[in-house]
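Data block below; observations after.
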Amino acid sequence: MIKSSVTVSLVDEARGGPFVYWDDLAAACGKAKGLGYDAIELFAPGANAVDKGELKGLLEEHGLELAAVGTGAGMVIHGLSLTSGSASERERARGFVKEMIDYGGEFGASAIIGSMQGRHGSEVSPDQAMGYLKEALVDLGHHAKAYDMPLIYEPLNRYETNLINRMGDGAALCESLGEGANVVLLADLFHMNIEETTVADGVRDGGKWIGHVHFVDSNRRPVGLGHTDFGPIVEALKDIGYDGYASAEAFAYPDSDEAARLTMEGYRRWFG
Ligand SMILES: [Mn+2]
């Protein structure tokens, strides 16, 4: 059974980014529950941004799960990257992610490596960057084992990383790390619309490694407001036996409430 989730951002520096609800966690939880969501996905400035007791109370009050926690604040606030040319910066990046793994872990939520993967460039060759990325994923996936939750790695489109852009390459990366590495893939339908031959083919290429889905239309607007053909994608997700979250990582377009409502409408249409 694929479950529904909606993103909540508390990160000022990410203003205008692809998150449905903003700023007010308590209000977002109330609205998510009102629309029938199973969970929220939290994008926070760091592991100390929201008191764990407060989050626990809100989730319990509304009968919501925590689907996952983002780690991109390490990049957008602190400029950290797991593939930086500086060893100390790579170490700080891992430290930031470990704190987020520890934070989410207590709620049974995985941490997501998206923008924190960084990119290769003048100081770091493609081979070096892939080496740093693999080392980091193994270390962080191992760290996540304490919570019996996998680490989620997200291939991004070419404008956001030059490391891994396609699900097939992501699956090969996971294969190379091995099952024991405790790393799964995030299938973000927006990135895939740019990079894959078809999004459905990309889902099949990711196959058993897919552990999380960002459920969004072709233009990063809520499901139904772009040109994505969801039928074949949903069929592919069923074929691979996917049973994680379909999480709304979409612009608050035309506004947060409508984006959340439209995504839930899409979720019910495609997965209900
Ligand atoms: Mn995403």
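Both counts, for ligands and for their atoms, begin at 1 and track the order of listing.
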Nearer than 2.8 Å to the Mn ion (ligand 1), the protein contributes N, O or S atoms numbering 4

Using only heavy-atom distances, determine whether the side chains of Asp102 and His143 contain a donor-acceptor pair under 3.5 Å. yes

Inspect the surroundings of CG in Asn48 and state if more than 12 heavy atoms from other residues, nucleotides or ligands are less than 6.0 Å away. no

What pair of heavy atoms forms the shortest contact from His191 to Leu156, and how long is it? NE2-CD2, 3.4 Å

Is any side-chain heavy atom of Asp239 closer than 4.5 Å to a side-chain heavy atom of Arg204? yes

Heavy-atom closest contact (Ala49 atom, Ala44 atom, distance): CB-CB, 4.2 Å

What closest approach, in Å, do Glu175 and Lys208 show between heavy atoms, and which atom pair accounts for it? OE2-CE, 4.1 Å

